[in-house]
Number of protein chains: 2
Amino acid sequence: MLARPTPYRPHNHDACVSQALADARIICQQQNARLTPIRERVLELIWRSHKPLGAYDVLAELASDGHNAAPPTVYRALDFLQQNGLVHRIASLNAFIGCTYPGESHAGMFLICRACGNVLELTAPDVSSEVRKAAADEGFRTENTTLEIAGLCPLCQAEPGHD
Amino acid sequence: MLARPTPYRPHNHDACVSQALADARIICQQQNARLTPIRERVLELIWRSHKPLGAYDVLAELASDGHNAAPPTVYRALDFLQQNGLVHRIASLNAFIGCTYPGESHAGMFLICRACGNVLELTAPDVSSEVRKAAADEGFRTENTTLEIAGLCPLCQAEPGHD
DNA sequence: CTGTGAATGTTATAATGTTGCAAATTTTGC
DNA sequence: GCAAAATTTGCAACATTATAACATTCACAG
Ligand SMILES: [Zn+2]
Ligand SMILES: [Zn+2]
Ligand SMILES: [Zn+2]
Ligand SMILES: [Zn+2]
């Protein structure tokens, strides 16, 4: 299997963003969802940063584009992108990040480096199945899983202060 | 093993709260942490509700006590209680709940019913170990895990609209 | 065209959380 | 005990995150 680009491995991020946008256009077309210019622009801004972006960060970027947007514009775009599986909200950071596995059904698991702020999204089937099992043992019907791991990424363990 | 009381099983909740407070006093004494009146009162308020309580909910309860507190008072008390493992913050709800396993080292896992709002805290060693494994595979050093499952509790599956 | 629903603009406001400093309280060293 | 030091609390202002309500514009079908 080809290794996906990750925040930890340098890569051509422009290509990475372009790919994400292209994927998004296809996914939206398939789902009859309208990836309007604002929505696409918000998705692009989020993808340009591997680090999660707050709604007001997005807002500021839009403003520096000359787009005079208000909070609801951003939150609505973010809602749309979440609904369509294109971004995730990181609850422990109040921030958003592009989904690494759009179109694939998955329960995301996020490794959040407290030093450099990068976030890596994983799909861990073994984790998911243990979670489902533990919930099922209590008779609980799982609908949505939030799994966020804070800690130190490999680079920051080796090189404190790294960015 | 004796079944713990859970939000799903009715139980003598006054006793349950008293027990939690007694445990907290012992734990704080052991750790040389000062469970001051405000802190104890906040812990009690949180325990009285099995449902997670927002910081401003706590504030309102304090106010109805006649205690004229400001937000920092509550947030500081909550920080203290978290530091000492007496409450957890539920990131997906911006709310706090008493820890079911205080004094025991554990990575909490929370089953959050979207219908009745009750939250059950579990310790699931199998889940924790799978999580650690998945993180370790990426060379990531786990410090803190947020695992919150939203869905339907057994009662609400059977009896929609139940509280 | 034109009516209809979706998307966006706009303003205001709600909800959650923090900073900074002063006053009070508790602990510590003597 | 008593003064110095450290911790805790009070308090005012402020920062950040998110939503409500309603008007306007836009895309698209008939
Ligand atoms: Zn990338
Ligand atoms: Zn890092
Ligand atoms: Zn109880
Ligand atoms: Zn329920």
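Letters go in sequence order (proteins before strands), and every chain restarts at 1. Values reported hereafter were calculated over all heavy atoms of this structure, with side chains retained and with hydrogens, waters and symmetry mates removed.
Taking every heavy atom of both residues into account, A:Gly103 and A:Ile27 meet most closely at N-CD1, 3.8 Å. Counting all heavy atoms, side chain and backbone alike, B:Cys153 lies closest to B:Cys116 at SG-SG, 3.8 Å. In this structure, A:Leu81 and A:Arg39 approach most closely via the heavy-atom pair CD1-O, 3.8 Å. Shown here for A:Phe96 and A:Leu78, the closest heavy-atom pair between the two residues is CE1-CD1, 3.6 Å.
Annotation: side chain of B:Thr36 is not in contact with side chain of B:Phe80 (no heavy-atom distance under 4.5 Å). A 4.5 Å side-chain heavy-atom check between A:Val87 and A:Ile97 finds every atom pair outside the cut-off. With a 4.5 Å cut-off on side-chain heavy atoms, A:Asp23 and A:Gln19 count as touching.
By the side chain to side chain donor-acceptor pair (under 3.5 Å) test, B:Glu61 pairs with no residue at all, sequence neighbours left out.
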For a quick test of your reading: what N or O donor-acceptor pairs under 3.5 Å do the side chains of residues 106-115 of chain A make, sequence neighbours left out?
{"from": "A:His106", "atom 1": "ND1", "to": "A:Glu104", "atom 2": "O", "distance (Å)": "2.5"}
{"from": "A:His106", "atom 1": "NE2", "to": "A:His88", "atom 2": "NE2", "distance (Å)": "3.2"}
{"from": "A:His106", "atom 1": "NE2", "to": "A:Glu121", "atom 2": "OE2", "distance (Å)": "2.9"}
{"from": "A:Arg114", "atom 1": "NE", "to": "B:Glu143", "atom 2": "OE1", "distance (Å)": "2.7"}
{"from": "A:Arg114", "atom 1": "NE", "to": "B:Glu143", "atom 2": "OE2", "distance (Å)": "3.2"}
{"from": "A:Arg114", "atom 1": "NH2", "to": "B:Glu143", "atom 2": "OE2", "distance (Å)": "2.9"}

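An end-to-end axis angle of 30° holds for the helix from C:dC1-D:dG30 to C:dC30-D:dG1, taken from five base pairs per end and rounded to 10°.
Protein chain B touches strand DNA chain D; the 5'-most and 3'-most nucleotides with an atom under 4.0 angstrom of its non-hydrogen atoms are D:dT7 to D:dA12.
Note on residues 63-89 of chain B: pairs passing salt bridge (charged side-chain N to carboxylate O under 4.0 Å, His left out), not counting sequence neighbours, are B:Arg41-B:Asp65.
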Report task. Can you check each nucleotide of nucleotides 4-20 of chain C against protein heavy atoms at under 4.0 Å and return B for base, S for sugar-phosphate only, - for none, in 5' to 3' order? Result -> --SSBBBB----BBBBB

